[in-house]
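Remember, it's 1-based here, ligands and their atoms both numbered in the order they're listed. Just so it is clear, the structure is predicted and the values come from calculations on it, not from any experiment.
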Amino acid sequence: MSLTANIDLKDLVRTVPDYPKPGIMFRDITTLLGHANGFQACIEQLVRPFRNQRIESVAGIEARGFILGGAVADRLHCRFIPIRKKGKLPGKAVGQDYELEYGIDVIEIHEDALNAGEPVLLVDDLIATGGTAEAAVKLLRKLHAEVVGAAFVIDLPDLGGSARLAKLGVECHTLMTFEGD
Ligand code: AMP
């Protein structure tokens with residue numbers, strides 16, 4: 001039997017109450033990434049629905065989306081494209097703003113990162129309100145890429161992010177849910 005068959009990935013996620021501020025239940029995946037068989041099982045499960053789909057690139061959202069997205073890209077034999085916080089990319093970049101609880105933030109992608117019509121899979125660790133993922137989808141579409149889906153380890157469905165992405169025409173593949181926020 002494979003070493004990853006009986007692993008309950010949810011057991012490997014650590015919940016840190018009141019981080020980074022009171023009232024937030026932070027779902028920490030470093031404990032999952034730090035478990036060799038757990039990490040392997042997580043990547044296997046993230047790629048499963050996409051194995052036979054035409055995907056040329058994986059776009060990962062800074063920073064945990066880089067760790068997961070890099071491994072997913074390797075498994076799918078495609079390339080990796082970073083989506084970063086404003087001002088971090090060295091080349092000419094295209095930006096997209098999105099609302100935070102207080103104020104706005106901006107994510108960016110290199111303007112020459114993708115070809116028009118290129119099928120791309122979006123990857124991040126967690127979807128909550130979906131604000132970050134929605135901005136990422138808009139950014140990929142600004143470069144005329146075709147977003148074939150989005151994969152997250154964790155969904156917080158009460159915050160509505162996966163439903164928000166569905167409204168944009170992007171289906172979310174998630175490995176586990178936590179109730180509440
Ligand atoms: P959102 O834009 O609201 O969907 O938030 C998603 C981003 O914020 C992801 O990059 C997550 O890593 C991070 N995030 C939001 N809420 C949490 C949480 N409860 N635990 C861990 N990370 C979170």
Which atom pairs, one a donor and one an acceptor, fall under 3.5 Å between side chains of residues 133-144 and the rest of the protein, sequence neighbours left out?
| from | atom 1 | to | atom 2 | distance (Å) |
| --- | --- | --- | --- | --- |
| Glu134 | OE1 | Arg164 | NE | 3.0 |
| Glu134 | OE2 | Lys138 | NZ | 3.2 |
| Arg141 | NH1 | Leu168 | O | 3.1 |
| Arg141 | NH2 | Leu168 | O | 3.0 |
| Lys142 | NZ | Gly95 | O | 2.6 |
| Lys142 | NZ | Gln96 | OE1 | 3.0 |

Going by atom type alone, with no hydrogens or angles, which donor-acceptor pairs under 3.5 Å involve a side-chain atom of residues 82-93 and a protein atom two or more places apart or on another chain?
| from | atom 1 | to | atom 2 | distance (Å) |
| --- | --- | --- | --- | --- |
| Arg84 | NE | Glu62 | OE1 | 3.2 |
| Arg84 | NH2 | Glu62 | OE2 | 3.1 |

Would you list the atom pairs, donor with acceptor, under 3.5 Å between side chains in residues 113-122 and any protein atom, with sequence neighbours excluded?
| from | atom 1 | to | atom 2 | distance (Å) |
| --- | --- | --- | --- | --- |
| Asn115 | ND2 | Glu118 | OE1 | 3.4 |
| Glu118 | OE1 | Arg79 | NH2 | 2.9 |
| Glu118 | OE1 | Asn115 | N | 3.0 |
| Glu118 | OE2 | Ser57 | OG | 2.9 |
| Glu118 | OE2 | Arg79 | NE | 3.2 |
| Glu118 | OE2 | Arg79 | NH2 | 3.0 |

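Thr31 places a side-chain N or O within donor-acceptor distance of the main-chain N or O of Leu12, the cut-off being under 3.5 Å.
Protein residues having at least one heavy atom under 4.0 Å from any atom of ligand 1 are Met25, Phe26, Arg27, Arg64, Asp124, Asp125, Leu126, Ile127, Ala128, Thr129, Gly130, Gly131, Thr132, Leu156, listed by chain and number.
By the rule that hydrophobic residues join a cluster once side-chain heavy atoms approach within less than 4.5 Å of another member, Leu175 and Phe50 end up as members of one cluster.
Taking 4.5 Å as the limit, every side-chain heavy atom of Ile29 sits out of range of all side-chain heavy atoms of Ile67.
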